[in-house]
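These numbers come from the heavy atoms of this one structure, side chains and all, not from hydrogens, waters or symmetry mates.
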Amino acid sequence: MWTRLYALIVKELLAVLRDPKGRAILIGPPIVQLLVFSYAATLEVRNVDVMILNRDSGHWGQELIQRIDGSPTFRNIEIAASQAEVQVAIDNQTVIAAVEISPDFSRNIEAGTPADLQIVLDGRRSNASQIVAGYLSQIGSTLAAETPAGKRAGAGMVSSVPRNWFNTNLTYQWFMVPNLIASIALLIGLIVTALSIARERELGTFDQLMVSPLRMHEILIGKLIPPMMIGLFHITVYILAAVFLFEVPLRGSLFLLYGSAIFYLGSVAGLGLFISALSMTQQQAILGAFLFMVPAMLLSGFATPIENMPGWLQPITLINPLRYFLVIVKGVFLKDIPLSEVVNQTIPLALIAAVTLTAAAWLFRQRME
């Protein structure tokens with residue numbers, strides 16, 4: 001059996017790696033995606049343009065403008081002469097926000113009464129505009145606390161100092177790169193596995209495989225191991241890049257990470273084999289893989305928390321292997337999660353692998369009859 005398995009594994013690796021274009025696809029795009037997503041796919045808002053309509057002639061209005069201009073978040077500060085200019089700038093998306101300072105802004109601050117500050121946002125970019133509004137509100141609050149009235153009021157107030165656990169400086173690469181370790185492994189493992197049986201059918205070698213001395217479980221194992229080996233290679237490359245290129249701290253155990261990665265790649269390969277067993281051509285296999293992969297990314301907690309999703313949608317995420325491995329990867333890198341938590345997240349991966357591999361084997365038998 002071991003000789004037959006070895007021959008099938010070598011055959012599968014040669015089928016994937018002997019083509020120079022195939023090797024380039026397996027190595028090049030994941031590296032490009034690592035660099036692009038790590039630097040470009042960020043929810044942070046930087047280098048934005050804002051407009052200011054200053055109707056106040058006092059000191060505090062100018063102080064507010066200088067503080068906004070000195071913030072690293074904002075790139076260009078345009079001064080408007082009228083509300084019509086503000087409307088045109090927002091309509092044409094020249095700026096994402098406009099700040100209107102009321103005529104009695106400085107007088108109210110000196111008197112210790114509430115001062116009006118209006119912020120007009122471009123609602124077409126809802127997420128970015130809300131973040132910019134938070135930045136502007138924080139600048140205004142800081143200014144208010146430093147005025148004479150603010151200092152007098154602040155003497156009897158309780159101050160709060162936020163502390164961010166596991167990512168003190170809120171470095172976005174610390175969040176994105178561990179997520180990419182899991183998501184790119186899903187992409188590569190699913191595509192390589194989904195194409196395996198479909199490629200055999202297109203080349204006419206599937207029937208030869210079925211009449212070979214290989215048993216059904218040997219065929220499944222032989223189709224399962226090569227994608228897992230390729231997936232482990234990509235995970236290793238991404239871990240090295242995360243630690244040495246992006247300086248993401250690795251606080252947990254690599255042994256736990258790789259142990260759970262085997263079950264994760266097994267569940268991904270099982271899904272790929274199931275898709276491949278349903279497909280007659282490589283085109284159908286690729287479409288089937290993307291049909292699963294896009295919802296899997298959206299329902300994994302990669303970009304939005306699962307708790308924020310509708311109640312009827314959250315149970316569907318239980319069959320998504322990416323959901324569980326994301327918890328493990330981020331936990332091992334940033335939190336040093338214990339063995340018990342890794343096991344709790346690995347058990348569903350093992351169940352998904354068992355169910356999908358069983359379904360793929362059943363489909364193979366049905367096709368042989």
Item to check | Distance-only donor-acceptor check, side chains S102 and D104, under 3.5 Å | outcome: yes
Checklist outcome for this item: Minimal heavy-atom distance between A133 and L121, with the atoms involved, is CB-CD1, 3.6 Å
Checklist entry - If we only count heavy atoms from C-beta on, is the Q284 to T281 side-chain gap below 4.5 Å? => result yes
Checklist entry - Are V88 and N92 close enough that some pair of their side-chain heavy atoms sits under 4.5 Å apart? => result yes
Checklist entry - Other than I90, what residues sit in its cluster of Ile, Leu, Val, Met, Phe, Trp and Tyr side chains whose heavy atoms are under 4.5 Å apart, directly or through others? => result M51, L53, V86, V95, V120
Checklist entry - If we ignore angles and hydrogens, is there a donor and acceptor under 3.5 Å between the side chains of S260 and Y324? => result no
Checklist entry - Just by modelled atom types, is the W174 backbone N or O under 3.5 Å from a matching donor or acceptor in the T171 side chain? => result no
Checklist entry - Do I230 and I188 have side chains that get closer than 4.5 Å, going by heavy atoms? => result yes
Checklist entry - What are the two closest non-hydrogen atoms of I119 and S137, and how far apart are they? => result CD1-OG, 4.1 Å
Next on the checklist: Tell me whether E100 contacts the main-chain N or O of L117 through its side chain, where contact means a donor paired with an acceptor under 3.5 Å.
Outcome noted: no
Item to check | Minimum side-chain heavy-atom gap S71-I139 below 4.5 Å | outcome: yes
Next on the checklist: Using every non-hydrogen atom in the two residues, find where V248 and P178 come nearest and quote the distance to one decimal.
Outcome noted: CG1-CG, 4.2 Å
Checklist entry - Should S129 and D122 be marked as a side chain to side chain donor-acceptor pair (under 3.5 Å) after you check the CA-CA gap, both sets of side-chain angles, and the distance that decides it? => result CA-CA 6 Å; S129 64; D122 185 355; over 6 Å; no
Item to check | K330 vs F175 side-chain heavy atoms within contact, under 4.5 Å | outcome: yes
Item to check | V99 and V50, any side-chain heavy atoms less than 4.5 Å apart | outcome: no
Checklist entry - Any link between F255 and I181 through a network of hydrophobic side chains (Ile, Leu, Val, Met, Phe, Trp, Tyr) touching at under 4.5 Å? => result yes
Checklist entry - Do I68 and F74 have side chains that get closer than 4.5 Å, going by heavy atoms? => result yes
Next on the checklist: Could you check whether any side-chain N or O of S276 sits under 3.5 Å from a backbone N or O of G272, counting only pairs where one atom can act as donor and the other as acceptor?
Outcome noted: no
Next on the checklist: Does R323 form a side chain to side chain donor-acceptor pair (under 3.5 Å) with S300? I'd like the steps, not just the answer.
Outcome noted: CA-CA 4 Å; R323 164 186 176 165; S300 64; over 6 Å; no
Item to check | Note, L257 side chain near I239 side chain (heavy atom, < 4.5 Å) | outcome: yes
Checklist entry - Does D49 have any salt bridge (Lys or Arg N to Asp or Glu O under 4.0 Å) partners at least two apart in sequence or in another chain, and if so, which? => result R75
Item to check | Residue pair Q62 / Q66, side-chain donor-acceptor N/O under 3.5 Å | outcome: no
Next on the checklist: Side-chain heavy atoms nearer than 4.5 Å, only ILVMFWY residues, links allowed to pass through others: does that put L254 and F263 together?
Outcome noted: yes
Checklist entry - What are the two closest non-hydrogen atoms of A285 and A194, and how far apart are they? => result CB-O, 3.3 Å
Checklist entry - Taking all non-hydrogen atoms of both residues, which atom of A182 and which atom of L326 are closest, and how far apart? => result CB-CD2, 3.7 Å
Checklist entry - Who pairs with F302 by ring-ring contact (aromatic ring centres under 6.0 Å, His included), at least two apart in sequence or on another chain? => result none
Checklist entry - Closest heavy-atom contact between L224 and A269? => result CD1-CB, 3.0 Å
Next on the checklist: Please tell me whether V343 and V329 are part of a single hydrophobic cluster in this structure, the criterion being side-chain heavy atoms less than 4.5 Å apart.
Outcome noted: yes
Item to check | Candidate list L322, I328, I352, T346, test side-chain contact (heavy atoms from CB on, under 4.5 Å), partner Y264, passing option | outcome: L322
Item to check | ILVMFWY cluster, V342 and L232 together (side-chain gap under 4.5 Å) | outcome: yes
